[in-house]
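Presented below is the structure to which this report refers.
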Amino acid sequence: MIGVLAPFVSFTSADLPDLPDLACVGAVSAAALAAGFTQGFAGFGSTVIALPLLVAVLGMRVAVPLGCLMALAINVVLVGRMFGHVRRGPLTVLLLTSLPGMAVGGRLLSVAPEAWLEGLLGAMVLAFTVFTARTASAHDGGNVTAPVAHAAGRPLRHAVTVAVGLVSGALGAAVGINGPPVVAWAMRQGWGRHALKATLAGYFLLAGVGIVGAQGLHGELTGRVLLLFCVGLPALAAGLYGGHLCFGRLDETTFRKVLLGLFAVSGAGLLWHAAGLG
């Protein structure tokens, strides 16, 4: 993966001095372990759970590309087993419309004040939390029905897909979280469960390549980011493996409630810090 990304990497000796810091290595490993375990067990939320910790230790401009690399590695592992269920037509349209948004988001990450980016990240974490909580509540209450396809005409459906692609591409490159608009869009397509999961996984994998590329073109994919990614890889793999082992053995409802609580606290903390109150 690093060889493929080499043309996008900006590596200088100035990136090296902070690397031996044990607190930094520990934070990256903890975030990677939590991201891998969360995705392996719950099937969602790796970036949402990892980025707040990474931001607190590394700052937005290191944490976001690092978190995106971690998510990309996770999706490489997960997407192969579901590839046969991918809805390629909608996925292609969504990816193509995401590209301009990725360019905008990559530029935003490089020039926008960190407080603005932290506030946007906090808002996205809270939005993801609310959306997931509402979905889980409907499931627990037995009110789940098959996904309903859009009743609107084809031009409106295409316009919605274009808007979702632009917004998710920009958010992914700028703050590392592009899930909420894409998940909400996918759940309205009338697909079965396997097609839904497979198409989302395919999107997040391919969009992740584009997002990391956009960040690299704007100088955010530094040597320090890549080296910290390598530091976190063992913990990321261990988390994924542990999550798969624990799936079906632990109380998933309780785990998801704890996870949602962590999402809410981390999102609120980011907004608090961005507002200059913390």
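What you see below is based on every heavy atom in this structure, not just the backbone, and it leaves out hydrogens, waters and symmetry mates. Heads up: numbering here begins at 1 and tracks the sequence.
A pairwise comparison of heavy atoms in Ala30 and Leu53 identifies CB-CD2, 4.1 Å as the closest pair. Taking both residues in full, the closest heavy atoms of Val182 and Leu200 are given as CG1-CD2, 3.6 Å, listed atom of the first, atom of the second, then distance. The shortest non-hydrogen separation linking Cys68 to Ile211 is SG-CG2, 3.9 Å. Closest non-hydrogen pair, Ala71 versus Thr47, comes out as CB-OG1, 3.5 Å. Residues Leu72 and Gly208 approach most closely at CD1-C, 4.0 Å, considering heavy atoms. Closest heavy-atom contact between Leu109 and Ala174: CD1-O, 3.4 Å.
Within the 4.5 Å cutoff, the side chain of Arg224 has heavy atoms near those of the Leu58 side chain. Looking at heavy atoms from C-beta onward, Phe37 lies out of side-chain contact with Leu240 at the 4.5 angstrom threshold. With a 4.5 Å cut-off on side-chain heavy atoms, Leu69 and Leu221 count as touching. At a threshold of 4.5 Å between non-hydrogen side-chain atoms, the residues Leu233 and Leu236 count as touching. Counting heavy atoms from C-beta outward, Ile74 and Val77 have side chains that stay 4.5 Å or more apart. When side chains are defined from C-beta on, Pro100 does not count as touching Val104, because their heavy atoms never get closer than 4.5 Å. Counting heavy atoms from C-beta outward, Glu220 and Val225 have side chains that stay 4.5 Å or more apart. No side-chain heavy atom of Leu91 sits under 4.5 Å from any side-chain heavy atom of Arg87.
Between the side chain of Gln215 and the main chain of Gly106, no donor-acceptor pair closer than 3.5 Å is present. A distance-only check finds no donor-acceptor pair linking the side chain of Ser110 to the backbone of His218 [under 3.5 Å]. Proximity of a side-chain donor or acceptor of Ser46 to a complementary backbone N or O of Ala35 within less than 3.5 Å is not detected.
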Let's go through Leu117 and Leu108 carefully: what are the C-alpha distance in whole Å and the side-chain angles of both, what is the deciding distance for side chain to side chain contact (heavy atoms under 4.5 Å, CB included) to 0.1 Å, and is it a yes or a no?
CA-CA 9 Å; Leu117 295 173; Leu108 184 63; 4.2 Å; yes

Apply the test side chain to side chain contact (heavy atoms under 4.5 Å, CB included) to residues Leu166 and Ser98: give CA-CA distance (whole Å), side-chain angles for both, the deciding distance (0.1 Å), then the verdict.
CA-CA 5 Å; Leu166 288 170; Ser98 294; over 6 Å; no

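Leu228 and Val212 end up in the same hydrophobic cluster when Ile, Leu, Val, Met, Phe, Trp and Tyr side chains are linked at under 4.5 Å. In terms of hydrophobic clustering, with Ile, Leu, Val, Met, Phe, Trp and Tyr side chains grouped at heavy-atom distances under 4.5 Å, Leu33 and Met70 are assigned to different clusters. Cluster membership check: Val62 shares its hydrophobic cluster with Val57, using side-chain heavy-atom separations under 4.5 Å among Ile, Leu, Val, Met, Phe, Trp and Tyr. Cluster annotation: Val48 is connected to Leu171 through the hydrophobic network of ILVMFWY side chains, with a link wherever side-chain heavy atoms come within less than 4.5 Å. Put simply, Leu217 and Leu99 are part of two different groups of oily side chains (I, L, V, M, F, W, Y) that touch within less than 4.5 Å, one to the next.
The side chain to side chain donor-acceptor pair (under 3.5 Å) pairs that include a residue from residues 162-173 are Ser168-Tyr203, where partners are two or more places apart or lie in different chains.
For the atom pair CH2 (Trp185) and CG (Leu94), the distance works out to 4.5 Å, reported to the nearest 0.5 Å.
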